[in-house]
Amino acid sequence: MNDTMVTLVGNVATAVEYRETAAGVPVARFRMAATSRRWDKARECWADGETSFYTVRSWRALADNVAASVAVGEPVVVQGRLRVREGEQPPEKGGQRWFAAEVDALAIGHDLARGTSAFRRVARARKAADGTQRDLESAPLEKVESSTTVVMEAPVNRRTVAPVGRAGPPGNSPQKASVP
């Protein structure tokens, strides 16, 4: 199948809507805003382009993690399959055609070019030797300590982190990397 794969960088525009399908499959959905930025040589400053909005959907374990990790206004990077839907409003609402850009996400993460984050591995149920599922959260701590929860944090060198709102040298966007 020839899917159109995209990587989007932007901000979460709506709260994450989390639900489960009739079959019990978790789904998380949110809207994302992506604005292009260009260096304006005439004014010698960064200028915002048009903002595009996308509906981002995630499924299963990714949906669980998105619901627990993502909030409105946070900068994110989304990678997934682009889908463009179209439809028409009923005649009583004007009968206009509409288009919607949606992304079925394969990966979602915070944009570390714009802030810091701490990763926490999630414990998942595992099948025991007898074929039954065992919840690692309820197992004795000494048996699962090394395989369930890991907090990875990198020390932040405070001297190299610029305060928010402080502009860097010309040619470096304070919000996004330079794109030729």
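Quick caveat, the model's predicted, so the values are computed rather than measured.
Residue W59 is not grouped with residue I108 when hydrophobic side chains (ILVMFWY) are merged at heavy-atom distances under 4.5 angstrom, including chains of intermediate members. A continuous path of hydrophobic side-chain contacts links L62 to V56 [ILVMFWY only; heavy atoms under 4.5 Å]. Under a hydrophobic clustering in which Ile, Leu, Val, Met, Phe, Trp and Tyr are joined whenever their side-chain heavy atoms come within less than 4.5 Å, directly or via other members, V70 and V77 fall into different clusters. Cluster annotation: V27 is not connected to V12 through the hydrophobic network of ILVMFWY side chains, with a link wherever side-chain heavy atoms come within less than 4.5 Å.
Side-chain contact between R57 and F30 is absent, with no heavy-atom pair separated by less than 4.5 Å. Under the 4.5 Å side-chain criterion, counting only non-hydrogen atoms from C-beta, R85 is not in contact with T55. In this structure, the side chains of M32 and V103 stay at 4.5 Å or more apart for every pair of heavy atoms.
Across all non-hydrogen atoms, the minimal contact from V72 to A13 is CG1-O, 4.1 Å. When all heavy atoms of L112 and S117 are compared, the pair lying nearest together is CD2-CB, 3.6 Å. For R31 against F53, the heavy-atom pair with the smallest separation is NH2-CB, 3.2 Å. Looking at every heavy atom in both residues, N11 comes nearest to P75 through OD1-CA, 3.4 Å. For the residue pair P26 and A63, the shortest heavy atom distance occurs at O-CB, 3.7 Å. Of all non-hydrogen atoms in E88 and W98, the two that sit nearest each other are N-NE1, 3.4 Å.
Separation of atoms CD (E74) and CG (D111) is listed at 11.5 Å; rounding is to 0.5 Å. One finds the CZ atom of R121 at 11.0 Å from the CG atom of N65 (value rounded to the nearest 0.5 Å). Rounded to the nearest 0.5 angstrom, S36 OG and D48 CG are separated by 7.5 Å.
Remark: E86 pairs with R97, F99 by the side chain to side chain contact (heavy atoms under 4.5 Å, CB included) rule, at least two apart or across chains. Partners of T4 under the side chain to side chain contact (heavy atoms under 4.5 Å, CB included) rule, at least two apart in sequence or in another chain, are V6, L82.
A side-chain donor-acceptor contact under 3.5 Å links D40 to the backbone of A42.
With respect to E102 and R83, no salt bridge is recorded, no charged nitrogen being found less than 4.0 Å from a carboxylate O.
Sparse packing is recorded around CD of E50, with 12 or fewer heavy atoms of other residues, nucleotides or ligands lying under 6.0 Å away.
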